[in-house]
Amino acid sequence: MSESAQNSSSEMDSMLNELYPYRDTTTTYSQIPAQGLKADEVLAMVRDFAKREDEVGDQGKVSGSLYSGDHDHYHVLAQVFEEFAHTNVLQRDMYPSATKFESEIIAMTLDMLHGTGPDSDACGVITSGGSESLITALYTYREQASRERGVTKPNVVIPTTAHVALDKGAHWLGIEVRHATLTDKFVVDLKAMEAMIDENTIALVGSAGNYAHGLIDPITEIGQLALKHGIGLHVDGCLGGYLLPWIEANGVEVTPWDFRVAGVTSISADTHKYGYALKGTSTLSYRTRSLRANQYFTFPDWPGGLYLSPGFAGSRSGGLIASTWASLVLMGQEGYKSAAKDIYDAAQKIVEGIRRDIPEIEVVGDPLFLLAFTSTDLDVYLINDALKERGWRMNALQLPAGLHFCLTRPNTKDNVVEQYVIDLKESVAYAKEKKGEAARSGAMYGFSGTPKGNATLSFVMSGYLDAMHELAPTD
Ligand SMILES: Cc1ncc(COP(=O)(O)O)c(C=O)c1O
């Protein structure tokens, strides 16, 4: 075998090992086993996977992804989940506790987002996650614009940094997305945004904070634009929604973004991120009930009976609603404030460390909890390679190239961020030394941005999606 063929076969092996690490050590089931396995066997196998896979996150070296990291907290939530895991929240006559849990999660969220008060008409729904909240919001505004203004060719104006689930949702819902460019402060450019609004615009979107850089768009000014043009403004607080209120409560100045801002008509905030709940829930809050009504679906003529449904999902597990409620009441305001303080302080330590000791990289904006950096001189993906070697799992950004570290509770453990700054400095030194060489973690980046590059990437990415749904290949 030639050297290049050998290299590509070992690359292939390492890719397969990453995707299917258990292919050689466990049975691969391509059929339901004829005889059911023993509970002990199943539990042992699953626990072995979980133990191995949790080791990575528990070290506190992962960006985002694991928001609580407190296994005692997870354990209580899992016990609550177990009580209702088998129940269907559609059957309220059998499981009325679902109404208590759901309405209280919505009420507590509205209170946190300053949506309550004597004249408030604010309300909300629970969804399965940030993407569903965003896509549902798009659907709501599309329906509103169609009913109230007869809009048939809807468009939505969003910052280029708004979460890509909006692009996905708009694609599914037949909505055109207009991406407004950013200012040199990496938040949306209001002039660019206003220039894209026309009579078919169903809503504007701003983020608090956005996924790429953790920054909050100028929501007050976007709210004024929305009011001026008579359209809604959705604030994507999926990431920051459960954290920013507590950072602010700790006395830190936070750009206004919630229902106190005129013109904000809906907000998504994920309980399964900084709400520290189990994965699978998010909230979507509306300023008015009439706006929410646009997402309701009723079908009185179905042979299966009178059908009514608030959103995308049909059956939903009561376990998730119950355990999300439990997370909120277990944490309490004091718990959220204390976690927010640790996270904010950890992020500031890194920002200070970079600005003091690592001039080769530039922090984007003034981050509160998620910090992104870029470099004019160095390949940040080489920096990422060296960070990976040191056990760190960062998120790679593009357009422009960068890395981000979304700080969560596991990262606030003793000495984690101090070690990060040391490792980052060493990784920058590595990138300097290897300048001009191709970065391992940057292989896919740099192709995007041109029609041909995008088409190639889409092809490769679709292949990866295929692989994720297929059994491990046999040799
Ligand atoms: C700002 C923002 N919005 C939306 C989402 C999508 O959330 P989910 O992954 O729960 O669908 C994310 C995910 O990281 C996010 O950061």
Side-chain angles (χ1 to χ4, degrees), residues 57 62-68 105 109 113 125-139 156 158-173 177 179-180 182 186-188 203-217 219 222 233-245 247 254-255 257-258 264 266-285 311-313 316 320 323-324 327 343 347 364-365 367-372 393-398 402-408 411 465 468:
V62 175
S63 160
S65 190
L66 299 153
Y67 292 85
S68 167
I105 296 166
T109 304
L113 300 177
V125 291
I126 310 273
T127 71
S128 65
S131 299
E132 191 186 325
S133 288
L134 292 177
I135 297 168
T136 305
L138 285 180
Y139 174 71
V156 61
I158 73 174
T160 53
T161 42
H163 197 271
V164 67
L166 289 160
D167 294 79
K168 178 169 90 171
H171 178 68
W172 282 353
L173 294 167
V177 183
H179 296 101
L182 307 182
F186 281 79
V187 293
V188 75
L204 306 178
V205 174
S207 309
N210 64 44
Y211 171 82
H213 313 121
L215 303 178
I216 306 175
D217 286 308
I219 303 297
I222 306 176
L233 164 56
H234 179 78
V235 176
D236 178 9
C238 286
L239 188 57
Y242 264 87
L243 182 62
L244 295 170
I247 293 182
V254 174
T255 304
W257 62 278
D258 64 15
V264 170
S266 57
I267 301 177
S268 45
D270 289 359
T271 31
H272 73 185
K273 293 192 173 79
Y274 290 105
Y276 309 121
L278 299 177
K279 284 290 179 215
T281 64
S282 163
T283 61
L284 174 56
S285 304
F312 189 74
R316 284 185 294 143
L320 276 178
S323 58
T324 298
S327 184
I343 290 168
V364 177
L368 296 169
F369 66 97
L370 179 158
L371 64 108
R393 187 179 180 281
M394 297 292 102
N395 299 95
L397 311 173
Q398 57 175 346
L403 297 180
H404 90 206
F405 191 168
C406 177
L407 277 292
T408 62
N411 313 129
L465 288 177
M468 275 166 57

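Ligands are counted one by one from 1 in listed order, and the atoms in each one are counted from 1 as well. In this chain, residues are counted from 1 in sequence order.
Within the structure, ligand 1 lacks E132 among the residues with a heavy atom less than 4.0 angstrom away. Taking 4.0 Å as the cut-off, G64 does not count as a neighbour of ligand 1 on heavy-atom distance.
Screening T283, T324, T281 for a side chain to side chain donor-acceptor pair (under 3.5 Å) involving T271 leaves a single residue, T281.
Within the listing of ligand 1, atoms 7 (O), 10 (O) sit less than 4.0 angstrom from a heavy atom of D270. Near L134, meaning under 4.0 Å from any of its heavy atoms, are these atoms of ligand 1: 4 (C). For ligand 1, the atoms lying closer than 4.0 Å to a non-hydrogen atom of G209 are 1 (C). Within ligand 1, counting atoms from 1 as listed, the ones closer than 4.0 Å to a heavy atom of S131 are 6 (C), 7 (O), 8 (P), 11 (O).
Side chain of H272 to main chain of A277: no donor-acceptor pair is present (N/O by atom type, distance under 3.5 Å, no hydrogens or angles). Counting only distance, with no hydrogens or angles, the side chain of N411 and the backbone of I343 share no donor-acceptor pair below 3.5 Å.
The salt bridge (Lys or Arg N to Asp or Glu O under 4.0 Å) pairs that include a residue from residues 267-278 are D270-K273, where partners are two or more places apart or lie in different chains.
Annotation for L371 and P367: closest pair CB-CG, 3.7 Å, computed over non-hydrogen atoms.
At a 3.5 angstrom cut-off on N or O pairs, C238 does not count as close to ligand 1.
Protein heavy atom nearest atom 9 (O) of ligand 1, with residue, atom name and distance: K273 NZ, 3.9 Å. Closest to atom 15 (C) of ligand 1 among all protein heavy atoms lies H163 CD2, 3.4 Å. Considering only non-hydrogen protein atoms, atom 1 (C) of ligand 1 sits nearest to D236 OD2, 3.3 Å.
Aromatic pair F369/Y274: ring centres closer than 6.0 Å.
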Stepwise, does the side chain to side chain donor-acceptor pair (under 3.5 Å) test hold for S207 with H163? CA-CA 8 Å; S207 309; H163 197 271; over 6 Å; no

